[in-house]
Amino acid sequence: MIEIDKLIGTRARKIQNLISRKVENYAATLGDMPVSGPNLFILAYLKENRDRDIFQRDLEKVLSVTKSTCSKVLTVMEAKNLVMRSSVKDARFNKVTVTQKGIEIVEKFDKYISDLDKEMTAGLSDEQLKTLSDCMDVIEANLNK
């Protein structure tokens, strides 16, 4: 008989829920306008990649979400003045950039996420962290097949 709580997918989902809960609680404390956890990750990705053009399809791939979900999220973020979409040569695509307000929120978030990562990996050796990262890479590649 399968022990559901021992399955990798179940354990990954549980960990993701714990991380999401912590991030959501922290996000609610940022600024005058609450920001969701996924919004924070989008802002961080856009800030990290300011040196290149990022399009909605890039975010869809990075976040593993559908086109419609990504579009809805970006529309809300645009209304909050966290991101801006602008036309490029090809009218089918809009470049997505983080605004100054978005950058300020990400800068507050950076310290928190670094501390959270340290909290999650406390007690693991460098070798264990490397093995864990390698295993996660294989699992992700298997799921992307």
Side-chain angles (χ1 to χ4, degrees), residues 5 7-145:
D5 61 334
L7 294 173
I8 293 296
T10 302
R11 296 179 75 190
R13 181 67 170 177
K14 181 178 179 181
I15 290 168
Q16 177 57 39
N17 287 342
L18 291 168
I19 293 167
S20 293
R21 193 172 306 124
K22 284 184 170 275
V23 170
E24 291 290 336
N25 288 340
Y26 178 75
T29 70
L30 292 175
D32 57 343
M33 194 176 310
V35 179
S36 72
N39 287 179
L40 286 170
F41 286 106
I42 290 170
L43 293 173
Y45 181 80
L46 292 171
K47 180 180 176 262
E48 286 176 14
N49 292 280
R50 283 185 289 180
D51 59 331
R52 65 185 191 95
D53 289 349
I54 301 293
F55 300 96
Q56 180 176 321
R57 68 170 185 246
D58 300 317
L59 294 172
E60 293 164 11
K61 186 175 180 181
V62 167
L63 300 169
S64 295
V65 296
T66 63
K67 184 177 181 177
S68 64
T69 296
C70 193
S71 180
K72 288 175 190 173
V73 169
L74 289 175
T75 298
V76 170
M77 291 178 73
E78 206 169 19
K80 293 180 178 181
N81 192 31
L82 300 173
V83 299
M84 183 174 62
R85 289 186 268 193
S86 55
S87 298
V88 291
K89 292 178 186 175
D90 188 336
R92 295 174 298 166
F93 299 107
N94 284 322
K95 179 179 166 181
V96 183
T97 54
V98 62
T99 63
Q100 185 58 39
K101 180 178 180 182
I103 289 170
E104 290 167 8
I105 288 173
V106 169
E107 287 172 351
K108 291 178 186 175
F109 179 63
D110 282 348
K111 169 95 172 77
Y112 174 77
I113 203 67
S114 176
D115 291 345
L116 179 59
D117 198 66
K118 287 175 187 167
E119 178 184 334
M120 288 188 297
T121 58
L124 295 175
S125 69
D126 289 344
E127 184 179 329
Q128 288 173 315
L129 287 172
K130 171 83 170 93
T131 300
L132 176 61
S133 182
D134 291 346
C135 290
M136 292 171 78
D137 288 344
V138 171
I139 291 169
E140 184 177 355
N142 289 342
L143 292 172
N144 280 322
K145 287 181 184 175

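Quick note: numbers below take in every heavy atom, side chains included, and nothing from hydrogens, waters or symmetry partners.
Applying the side-chain contact (heavy atoms from CB on, under 4.5 Å) test to V76 and every residue at least two apart in sequence or in another chain returns K80. Applying the ring pair (Phe, Tyr, Trp, His ring centres under 6.0 Å) test to Y26 and every residue at least two apart in sequence or in another chain returns Y112. In this structure T66 satisfies the side-chain hydrogen bond (donor to acceptor under 3.5 Å, both in side chains) test together with S68, T69, sequence neighbours excluded. Shown here are the side-chain contact (heavy atoms from CB on, under 4.5 Å) partners of M84, two or more places apart in sequence or in another chain: T97, T99. Residues that satisfy the salt bridge (Lys or Arg N to Asp or Glu O under 4.0 Å) test with E78, not counting sequence neighbours, are R85. Residues meeting the side-chain hydrogen bond (donor to acceptor under 3.5 Å, both in side chains) test with T121, sequence neighbours left out: none.
Interatomic distance, CD1 of I42 versus CG of L63, reported as 5.0 Å (0.5 Å rounding). In this structure, CD1 on I105 lies 6.0 Å from NZ on K101, to the nearest 0.5 angstrom.
Counting heavy atoms from C-beta on, the side chains of I103 and R50 come closer than 4.5 Å. Put simply, the side chain of I113 reaches to within 4.5 Å of the side chain of L116, judged on heavy atoms. Counting only heavy atoms from C-beta outward, the side chains of I54 and Y45 approach each other to under 4.5 Å. Using a 4.5 Å cut-off on side-chain heavy atoms (C-beta onward), N94 and S87 make contact.
Environment of CE in M136: sparse, with no more than 12 heavy atoms of neighbouring residues, nucleotides or ligands closer than 6.0 Å.
Residue pairs satisfying the salt bridge (charged side-chain N to carboxylate O under 4.0 Å, His left out) criterion with at least one member in residues 125-145, sequence neighbours excluded, are listed as follows: K130-D134. Applying the salt bridge (charged side-chain N to carboxylate O under 4.0 Å, His left out) rule to pairs touching residues 51-69 yields D53-K95, sequence neighbours excluded. Applying the ring pair (Phe, Tyr, Trp, His ring centres under 6.0 Å) test to every pair with at least one member in residues 52-79, sequence neighbours left out, gives these pairs: F55-F93. Residue pairs satisfying the ring pair (Phe, Tyr, Trp, His ring centres under 6.0 Å) criterion with at least one member in residues 126-145, sequence neighbours excluded, are absent. Sorted pairs that involve residues 113-135 and meet ring pair (Phe, Tyr, Trp, His ring centres under 6.0 Å), not counting sequence neighbours, are lacking altogether.
Across all their heavy atoms, A44 and V106 have their closest contact at N-CG2, 3.6 Å. Here the shortest heavy-atom pairing between V83 and L74 reads CG2-O, 4.0 Å.
Not a single donor-acceptor pair under 3.5 Å links the side chain of S133 to the backbone N or O of L129.
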If you look only at distance, which donor and acceptor atoms sit under 3.5 Å apart when one is on a side chain in residues 15-23 and the other is two or more places apart or in another chain?
unit_1 : atom_1 : unit_2 : atom_2 : d
Q16    : NE2    : S20    : OG     : 2.7
N17    : ND2    : R13    : O      : 3.4
S20    : OG     : Q16    : O      : 2.9
K22    : NZ     : E119   : OE2    : 3.1

